[in-house]
Amino acid sequence: MSESNESPRLTNTEEAKPRRRRGPILAIAVILTAIITFGITALAMNILNRQIEAEVPYARVVDVDETTLDPSVWGKNFPVQYEQFLRTAEMGPTAGHGGSVPVEQEPTDTDPRTIVSSSRLEEDPRLVTMWDGYAFSVDYRHARGHEFMLEDQTFTQRVTNERFNQPGTCMNCHASLPTVFSELGDGDREAGWNAMNAMSYEEAREHVTNPISCIDCHDPETMALRITRPAFVEGIADYMATQGIEDYDVNTDATAQEMRSFVCAQCHVEYYFDGDANNRLTFPWANGMLMEEILGYYLIDGHIDFTHPQAGTPIIKAQHPEFEIWMQGTHAQAGVTCADCHMPYQREGSHKVTNHHVQSPLLMINESCGTCHSASEEELESRVLTIQDRFMHSRDVAMDALVQFIAALETARTDGTPADQLELAQSYHQAAQFYIDYVYSENGFGFHADQYEMRILNDAQNFILQGQLALQGQDVGTVGEFLIAQGVNLEGPSADVEAAAAGEG
């Protein structure tokens with residue numbers, strides 16, 4: 001049999017096998033192509049939608065400008081945010097130690113309110129001893145929401161009591177002011193601010209109508225966050241200079257994320273009224289923002305708020321330093337802002353908006369904490385309450401020690417204690433009370449920077465111990481020496497360095 005040169009022919013079965021393999025591969029390829037094409041199209045549409053949202057962030061129903069104080073007018077353009085803003089009138093406690101419990105009262109000629117917040121003086125009578133001789137020993141209540149900030153300031157006994165002569169400077173954090181500044185300064189807002197600072201409270205109150213409003217934090221043309229309080233503009237520039245950044249202009253140099261804290265820090269800060277400059281509102285940050293740096297600033301400046309009648313000590317009254325304390329906490333170090341927790345983002349249809357209710361994160365744990373933490377709401381709440389409870393325990397121990405120290409100083413003033421021993425002990429009282437008052441007046445109850453606040457309380461108790469030893473005539477150092485050992489610079493252009501080192505304001 002002769003051999004053929006033709007290749008053997010494939011059977012029908014052998015021919016079918018490659019065709020059956022190509023069918024599924026082609027189908028898979030078509031499906032994958034469709035999925036990829038759909039994904040790319042969806043991504044492109046999403047990007048386009050976001051670009052459109054950025055170009056047209058809201059429906060401009062009405063025009064707002066630098067004279068539009070009434071938030072209801074802004075609310076026509078931003079109905080969701082305005083509806084949330086109105087809820088700042090709600091009252092109630094949080095799961096922790098904060099919040100405002102409504103209390104009924106009989107209206108009077110000097111106070112027409114029928115509902116107020118619960119009294120912190122009644123809850124803790126030690127505060128009356130600590131602030132004896134000062135306005136806060138007469139009336140100090142849990143803060144209500146932003147809706148009440150002007151009303152509650154107008155009718156607090158700290159203002160209405162004839163014993164206290166409050167300046168117009170107080171208005172900086174309780175009223176809507178950009179337009180007021182412009183009117184008082186004939187278009188120059190800083191001049192208007194200085195004019196208001198120099199007024200009495202009653203005079204300044206005649207110029208304001210609204211509590212903090214949209215215009216105080218937002219540019220009416222672009223809606224971008226902005227700083228409208230000259231005190232913060234100056235204060236943050238002073239602080240940035242301590243960090244090696246000269247000529248800092250917060251409204252041009254701050255990032256959008258930083259502004260989500262800075263707008264809050266216009267008010268939620270430590271401050272004082274510079275009596276040598278017509279009660280000019282001043283933030284004591286030229287030395288830095290650490291506790292010891294702020295005390296060092298006051299020792300250099302010589303500022304005091306009142307003299308304690310029992311102890312005879314010149315006292316520095318702390319305000320509400322939420323911003324300074326938050327700066328030392330883990331959340332600030334991680335880039336988390338005030339608004340991220342107290343005004344968290346939420347979705348409204350296709351838009352992401354900032355919740356303008358402005359409330360405790362404990363009242364919205366999932367939105368505030370759950371964005372970063374995967375634990376359950378119950379566990380997250382438990383973590384917060386544990387931190388606050390431990391802080392409250394340490395604060396109570398320090399407060400008890402302070403009250404006992406004040407009693408010891410009162411006795412020492414009448415039992416023949418040598419003047420040098422008494423003065424040294426009083427300088428320690430000044431430092432200890434300022435430290436304790438600083439964390440007492442801060443409204444985070446230890447949460448904003450728990451370890452830092454524990455250190456402040458430890459230092460305060462050390463001041464009390466050193467003061468007690470000084471009363472006994474033992475050889476102890478000075479407050480100034482303690483601060484210098486912590487790296488505080490007590491030298492300044494107008495400083496009496498020897499007096500500062502001795503702890504004498």
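As the structure is a prediction and not an experimental result, all values here were calculated from the model.
The residues Glu442 and Arg395 are annotated as not salt-bridged, no charged nitrogen and carboxylate oxygen being separated by less than 4.0 angstrom. Between Glu379 and Arg383, at least one side-chain nitrogen of the basic residue sits less than 4.0 Å from a carboxylate oxygen of the acidic one, meeting the salt-bridge criterion. The existence of a salt bridge linking Arg120 and Glu123 is excluded, since no basic side-chain nitrogen approaches an acidic carboxylate oxygen closer than 4.0 Å.
Note that Arg455 lies outside the cation-pi zone of Tyr452, set by a 6.0 Å cut-off to the ring centre and a 45° limit from the axis. With Tyr345 as the aromatic partner, Arg260 meets the cation-pi criteria of under 6.0 angstrom to the ring centre and within 45 degrees of the ring axis.
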> What's the verdict on side-chain hydrogen bond (donor to acceptor under 3.5 Å, both in side chains) for Asp111 and Gln105, showing C-alpha distance, side-chain angles and the deciding distance?
Replying inline: CA-CA 10 Å; Asp111 186 356; Gln105 71 169 19; 3.0 Å; yes
>> Between Phe434 and Gln430, does the side chain to side chain contact (heavy atoms under 4.5 Å, CB included) criterion hold? Intermediate values first, please.
In response: CA-CA 6 Å; Phe434 181 55; Gln430 181 189 70; 5.7 Å; no
> Could you go step by step and tell me if Asp340 and Gln257 meet the side-chain hydrogen bond (donor to acceptor under 3.5 Å, both in side chains) rule?
Replying inline: CA-CA 10 Å; Asp340 289 329; Gln257 183 72 349; 3.2 Å; yes
> Passes ring-ring contact (aromatic ring centres under 6.0 Å, His included), His448 versus Phe323? Steps please.
Replying inline: CA-CA 9 Å; His448 286 141; Phe323 177 68; over 10 Å; no
> Taking it one step at a time, do Tyr140 and Ser119 satisfy side chain to side chain contact (heavy atoms under 4.5 Å, CB included)?
Replying inline: CA-CA 6 Å; Tyr140 179 50; Ser119 171; over 6 Å; no
> Could you walk me through whether Met259 and Asn251 pass the side chain to side chain contact (heavy atoms under 4.5 Å, CB included) check?
Replying inline: CA-CA 9 Å; Met259 290 295 274; Asn251 278 314; 3.8 Å; yes
>> As a quick check of understanding, evaluate side chain to side chain contact (heavy atoms under 4.5 Å, CB included) for Glu453 and Asp450, giving each step before the final call.
In response: CA-CA 5 Å; Glu453 292 185 80; Asp450 58 322; 5.8 Å; no
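The side-chain heavy atoms of Arg87 and Glu90, taken from C-beta on, include a pair separated by under 4.5 Å. You'll find the side chain of Ile115 stays beyond 4.5 Å of the side chain of Val103, heavy atoms only. The shortest distance between side-chain heavy atoms of Phe181 and Glu190 does not fall below 4.5 Å. Arg158 places none of its side-chain heavy atoms less than 4.5 Å from the side chain of Val138. Between Arg390 and Leu385 there is no side-chain heavy-atom pair separated by less than 4.5 Å. The shortest distance between side-chain heavy atoms of Gln153 and Tyr201 falls below 4.5 Å. Between Thr179 and Ile215 the shortest side-chain heavy-atom distance falls below 4.5 Å. Annotation: side chain of Asp152 is not in contact with side chain of Glu147 (no heavy-atom distance under 4.5 Å).
Side chain to side chain, His429 and Thr313 meet the donor-acceptor criterion of an N or O pair below 3.5 Å. For Thr169 and Asn279, the side-chain atoms include no donor-acceptor pair closer than 3.5 Å. Side-chain contact, Glu292 with Asn287: no donor N or O sits under 3.5 Å from an acceptor N or O. Side-chain atoms of Asn197 and Asn172 form a donor-acceptor pair, as typed in the model, at a separation below 3.5 Å. Neither side chain, Gln81 nor Asn355, offers a donor N or O lying under 3.5 Å from an acceptor on the other. Donor-acceptor pairing under 3.5 Å is recorded for the side chains of Asp389 and His97. Side chains of Gln421 and Glu423: a donor-acceptor N/O pair is absent below 3.5 angstrom, by distance only. Judged purely by distance below 3.5 Å, without hydrogens or angles, the side chains of Asp132 and Ser137 never pair a donor atom with an acceptor atom.
Note that OH of Tyr428 is 12.0 Å distant from CG of Leu471, once rounded to the nearest 0.5 Å. Put simply, NE2 on His356 and CD on Gln84 are 7.5 Å apart, with the number rounded to the nearest 0.5 Å. Between Gln451 atom CD and Ile387 atom CD1 the span is 8.5 Å, to the nearest 0.5 Å. Rounding to the nearest 0.5 Å places NE2 of His393 at 16.0 Å from CD of Gln388. For the atom pair CH2 of Trp74 and CZ of Phe78, the computed distance is 7.5 Å after rounding to the nearest 0.5 Å. Of the inter-residue distances, the one linking Asp274 atom CG with Asp301 atom CG reads 6.0 Å to the nearest 0.5 angstrom.
The two residues Leu69 and Ser176 come nearest to each other via the heavy atoms CD2-OG, 3.5 Å. Between Leu422 and Ala412, the shortest heavy-atom contact is CD1-CB, 4.1 Å. Ala237 approaches Tyr248 most closely through the heavy-atom pair CB-O, 3.6 Å. Here the closest heavy-atom approach between residue Ala135 and residue Gln166 is recorded as CB-NE2, 3.9 Å. The two atoms that bring Ala265 and Val269 nearest to each other are O-CG1, 3.0 Å, heavy atoms only. Listed here is the closest heavy atom pair of Ala432 and Ile464: CB-CG1, 3.7 Å.
In this structure, the ring of Phe262 has its center less than 6.0 angstrom from the ring center of Phe232. Centroid-to-centroid, the aromatic rings of His342 and His357 stay 6.0 Å apart or farther.
In this structure, Trp285 and Phe283 have tilted ring planes: the angle between them lies in the 30° to 60° band. Ring-plane geometry between His331 and Phe447 is classed as tilted, the angle between the planes lying from 30 to 60 degrees on a 0 to 90 degree scale. Ring geometry, Tyr298 versus His303: the interplanar angle falls from 30° to 60°, so the pair is classed tilted.
Environment of CG in Asn165: sparse, with no more than 12 heavy atoms of neighbouring residues, nucleotides or ligands closer than 6.0 Å. Annotation for Asp238: atom CG counts as buried by contact number, over 12 foreign heavy atoms lying within 6.0 Å.
Considering Phe164, Phe306, Trp131, Tyr440 in turn, Trp131 is the only one that fulfils the ring-ring contact (aromatic ring centres under 6.0 Å, His included) rule with Phe136.
No donor-acceptor pair under 3.5 Å is formed between the side chain of Asp400 and the backbone N or O of Val397. A donor-acceptor contact shorter than 3.5 Å links the side chain of Thr154 to the backbone of Leu150. Not one N or O on the side chain of Glu270 forms a donor-acceptor pair closer than 3.5 Å with the backbone of Pro284.
Residues passing the ring pair (Phe, Tyr, Trp, His ring centres under 6.0 Å) test with Phe482 are Phe463, sequence neighbours excluded.
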